[in-house]
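Report on one structure; see the data block that follows.
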Amino acid sequence: MEEMFHKKSEAVRRLVEAAEEAHLKHEFDADLQYEYFNAVLINERDKDGNFLELGKEFILAPNDHFNNLPVNISLSDVQVPTNMYNKDPAIVNGVYWSESLNKVFVDNFDRDPSLIWQYFGSAKGFFRQYPGIKWEPDENGVIAFDCRNRKWYIQAATSPKDVVILVDVSGSMKGLRLTIAKQTVSSILDTLGDDDFFNIIAYNEELHYVEPCLNGTLVQADRTNKEHFREHLDKLFAKGIGMLDIALNEAFNILSDFNHTGQGSICSQAIMLITDGAVDTYDTIFAKYNWPDRKVRIFTYLIGREAAFADNLKWMACANKGFFTQISTLADVQENVMEYLHVLSRPKVIDQEHDVVWTEAYIDSTLTDDQGPVLMTTVAMPVFSKQNETRSKGILLGVVGTDVPVKELLKTIPKYKLGIHGYAFAITNNGYILTHPELRLLYEEGKKRRKPNYSSVDLSEVEWEDRDDVLRNAMVNRKTGKFSMEVKKTVDKGFRCGALQRSWEIFLPRECNHRRRPA
């Protein structure tokens with residue numbers, strides 16, 4: 001298994017080196033014209049039978065290794081989100097220099113034929129995928145996929161973080177502004193993963209926790225919690241006067257108290273402020289809680305077209321190592337929210353921390369086998385700019401990754417050494433199951449509908465004999481060695497119960513990042 005982890009990590013590392021070298025040699029050209037293979041437009045023709053622009057002929061052939069999907073194993077192609085201009089100079093330049101990854105994609109596949117998808121997700125929004133495949137939009141002609149929202153991208157690009165989101169619900173936020181603010185909060189939640197912790201506070205003359213039962217604390221940003229908070233966003237309404245000073249004091253106290261408990265990410269901390277204006281710079285509050293160390297970054301989102309109070313919000317963000325952006329329409333939300341990820345990634349970029357991350361298990365909707373959907377994990381690594389003029393600023397270019405079927409992990413386990421009643425399993429650093437014999441992805445009836453939380457099943461839900469979480473806590477805390485405990489086991493189809501001694505042996509793959517590796 002160690003060897004398999006190493007092979008996958010090395011494939012990703014070769015992609016990182018090739019991408020950074022290609023960008024280093026590239027000089028940005030605002031007038032660059034380059035015809036690339038757009039994954040949506042390839043092989044499409046107009047009414048006269050001519051290929052569309054960016055839709056040249058792209059040879060596709062069914063391939064057994066990719067579930068007989070029509071792919072091109074010689075070239076990659078590029079997907080651009082529908083809400084972005086596919087000939088934007090930043091995208092065209094990025095696509096141009098990243099063409100050099102094609103050789104590495106093919107070389108990696110030759111070295112390790114078990115590789116599935118390989119890809120580069122750009123910080124500019126485009127997604128280069130190998131082997132090349134045609135993407136089909138939905139019935140509305142839209143492809144909502146944005147690689148920067150995917151967990152593998154977020155985990156590789158940033159460190160774990162604690163976030164308090166402050167939402168202005170004063171009377172001036174009525175109507176469209178409140179709608180945009182809610183969408184902004186929802187987009188921020190999309191960028192949080194299982195390694196992150198958060199809470200949402202609405203404010204006017206008083207503080208209103210979006211979830212009143214969670215006052216004064218932070219919760220893990222898993223799927224269940226995020227969906228729960230999204231449902232409560234609809235209950236917000238605008239009235240009264242915005243008292244930002246009260247909200248800032250509360251946010252700083254939450255982050256400080258939570259950090260002192262040793263809970264949370266124990267890493268980056270941030271306050272996201274969503275408002276239509278601020279009448280003061282509140283420097284006394286920042287002096288009390290955040291200066292001179294500035295451990296908490298402030299990100300400010302100005303809602304609406306007016307810029308009367310923009311200067312105060314800009315000052316708050318700049319004085320606290322954050323970022324300011326203005327969101328005028330719903331269409332602006334996603335792209336503007338993404339800016340904060342670039343800021344949080346700067347320390348990693350400046351220190352050149354090429355950490356390898358492995359995600360939790362998920363279902364790849366494009367691949368199936370004899371037993372149904374294929375369970376995947378992704379190994380990813382960030383790509384940084386090495387150009388002299390940008391190196392000191394910490395510019396994240398994107399993230400490269402490759403998918404690894406969980407069954408490939410299981411093939412490396414010598415079952416003959418486990419014994420007739422032995423089995424192997426793996427979990428993430430959050431205690432979620434990567435693979436386990438008792439993990440059930442689909443509902444039994446018909447076995448077609450997947451369970452909504454299949455990717456966040458805790459070990460304690462299947463290893464129920466571990467009542468005090470001794471085994472789970474040992475694995476999460478990265479302890480290695482052998483563990484034994486007496487457990488009760490049913491026999492004779494549940495008619496009898498007996499006590500037996502069960503043993504587990506834990507090991508940690510060396511190739512994985514110390515905060516996010518499976519055990």
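All residue numbers in this chain count up from 1 along the given sequence. On a predicted model such as this, the values are computed, not experimentally measured, just so you know.
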Please check if the side chain of T377 supplies one atom and the backbone of T359 the other of a donor-acceptor pair under 3.5 Å.
yes

N-O pairing of E408 and K7 below 4.0 Å:
no

Residue set satisfying ring pair (Phe, Tyr, Trp, His ring centres under 6.0 Å) with Y432, at least two apart, ordered chain then number -> none

Does D112 pair with K8 as a salt bridge, N-O distance under 4.0 Å?
yes

With sequence neighbours left out, what residues match Y153 under ring pair (Phe, Tyr, Trp, His ring centres under 6.0 Å)?
none

Using a 3.5 Å distance criterion without hydrogens, assess whether the side chain of Q326 forms a donor-acceptor pair with backbone atoms of R305.
yes

Are any side-chain N or O atoms of K226 and backbone N or O atoms of L189, one a donor and one an acceptor, separated by less than 3.5 Å?
yes

Under a 3.5 Å cutoff, is there a donor and acceptor pairing between the side chains of D29 and N93?
no

Nearest heavy-atom pair of H354 and P382: which atoms, and what distance?
CD2-O, 3.3 Å

Per the ring pair (Phe, Tyr, Trp, His ring centres under 6.0 Å) rule, what does the pair list look like for residues 174-196, sequence neighbours excluded?
none

Please say whether more than 12 non-hydrogen atoms of neighbouring residues, nucleotides or ligands are located less than 6.0 Å from CZ in F51.
yes

Checking the side chain of N320 only, and the main-chain atoms of G322 only, is there a donor and an acceptor separated by less than 3.5 Å?
no

For V357 and A156, which heavy atoms make the closest approach, and how far apart are they?
CG2-CB, 3.8 Å

Return the set of residues passing side chain to side chain donor-acceptor pair (under 3.5 Å) with T275 (not counting sequence neighbours), or none when no residue passes.
D168

Side chains of K182 and L178: does their closest heavy-atom pair fall under 4.5 Å?
yes

Mark yes or no for whether N38, through its side chain, and V40, through its backbone, hold a donor-acceptor pair below 3.5 Å.
yes

Checking D64 side chain against N68 main chain: does a donor-acceptor pair fall under 3.5 Å?
no

Near-ring test H208/Y203, centroid separation under 6.0 angstrom:
no

One pair to check against side-chain hydrogen bond (donor to acceptor under 3.5 Å, both in side chains): N43 and E57. What are the steps and the verdict?
CA-CA 5 Å; N43 299 331; E57 183 179 13; over 6 Å; no

Would H23 and F384 count as a close aromatic pair, with their ring centres under 6.0 Å?
no

Name all residues meeting the ring pair (Phe, Tyr, Trp, His ring centres under 6.0 Å) criterion together with F229; count only those two or more places apart in sequence or in a different chain, and write none if there are none.
F198

Show your working on side-chain contact (heavy atoms from CB on, under 4.5 Å) between F58 and D77 and close with a plain yes or no.
CA-CA 9 Å; F58 192 73; D77 58 5; 4.0 Å; yes

Neighbour count >12 (heavy atoms, 6.0 Å) for atom CG, L32:
yes

From the list V404, T402, I133, side-chain contact (heavy atoms from CB on, under 4.5 Å) with W117 holds only for I133

Using the side-chain contact (heavy atoms from CB on, under 4.5 Å) rule, take I303 and I274 through it: C-alpha gap first, then chi angles, then the decisive distance, then the call.
CA-CA 7 Å; I303 306 299; I274 303 165; 3.8 Å; yes

Determine, step by step, whether D146 and Q334 satisfy the side-chain contact (heavy atoms from CB on, under 4.5 Å) criterion, reporting the C-alpha distance in whole Å, the side-chain angles of both residues, the deciding distance to 0.1 Å, and the verdict.
CA-CA 10 Å; D146 189 323; Q334 185 166 337; 3.0 Å; yes

Measuring centre to centre across the rings, with the benzene-like ring taken for any Trp, is W97 within less than 6.0 Å of Y36?
no

Can you list every ring pair (Phe, Tyr, Trp, His ring centres under 6.0 Å) pair that touches residues 174-197, not counting sequence neighbours?
F197-F258

Can you find a side-chain donor-acceptor pair between T378 and Y362 that sits under 3.5 Å?
yes

What class does the angle between the rings of Y96 and H26 fall in, given that below 30° is parallel, 30 to 60° is tilted and above 60° is perpendicular?
tilted

Can you run down the salt bridge (charged side-chain N to carboxylate O under 4.0 Å, His left out) pairs that involve residues 115-125, sequence neighbours left out, and say none if there aren't any?
none

Quick one: list whatever passes side chain to side chain donor-acceptor pair (under 3.5 Å) with N102, sequence neighbours left out.
S76, E99

Salt-bridged, K151 to E360, with N to O below 4.0 Å?
yes

Are the charged groups of R111 and E10 less than 4.0 angstrom apart, N to O?
no

Under a 3.5 Å distance rule, please check whether E339 uses its side chain to pair with a backbone N or O of F324 as donor and acceptor.
no

Could you check whether any side-chain N or O of R346 sits under 3.5 Å from a backbone N or O of I395, counting only pairs where one atom can act as donor and the other as acceptor?
no

Taking only residues two or more places apart in sequence or in another chain, which ones pass ring pair (Phe, Tyr, Trp, His ring centres under 6.0 Å) with H342?
none

Can a salt bridge be assigned to the pair K103 and D107 using a cut-off of 4.0 Å between side-chain N and carboxylate O?
no

Looking only at side-chain N and O atoms, does N429 offer a donor or acceptor that is under 3.5 Å from a partner on D194?
no

Could you tell me whether the side chains of N225 and D222 share a donor-acceptor contact shorter than 3.5 Å?
yes

Is the closest side-chain donor-acceptor distance between N108 and Q118 under 3.5 Å?
yes

Any side-chain heavy atom of Q155 sitting closer than 4.5 Å to one from D195?
yes

Would you say CZ of R297 has more than 12 non-hydrogen atoms from neighbouring residues, nucleotides or ligands within 6.0 angstrom?
yes

Does the pair K134/E44 count as a salt bridge with the N-to-O cut at 4.0 Å?
yes

Would you please name every residue forming a side chain to side chain donor-acceptor pair (under 3.5 Å) with R230, sequence neighbours left out?
S186, D190, E227

With sequence neighbours left out, write down each residue that passes side chain to side chain donor-acceptor pair (under 3.5 Å) with W135, or none if nothing qualifies.
Q129

Is it true that atom CD1 of I73 has more than 12 heavy atoms of other residues, nucleotides or ligands lying nearer than 6.0 Å?
no

Do any N or O atoms from the side chain of E35 and from the backbone of E53 form a donor-acceptor pair under 3.5 angstrom?
no

With side-chain contact (heavy atoms from CB on, under 4.5 Å) as the criterion, how do T325 and V337 come out once you've worked through the C-alpha distance, each side chain's angles and the decisive distance to 0.1 Å?
CA-CA 8 Å; T325 187; V337 165; over 6 Å; no

Answer yes if the side chains of E211 and N199 hold a donor-acceptor pair under 3.5 Å, and no otherwise.
no

Listing request: all salt bridge (charged side-chain N to carboxylate O under 4.0 Å, His left out) pairs with a residue in residues 326-337, at least two apart in sequence or in separate chains.
R148-E335

Do D403 and Y119 get their side chains close enough for a donor-acceptor pair, meaning under 3.5 Å?
yes

Is K25 paired with E21 through a side-chain N to carboxylate O contact shorter than 4.0 Å?
yes

Output yes when a side-chain donor or acceptor of N72 lies under 3.5 Å from a complementary backbone atom of S74, and no otherwise.
yes

Is it true that F299 and F323 have ring centroids separated by less than 6.0 Å?
no

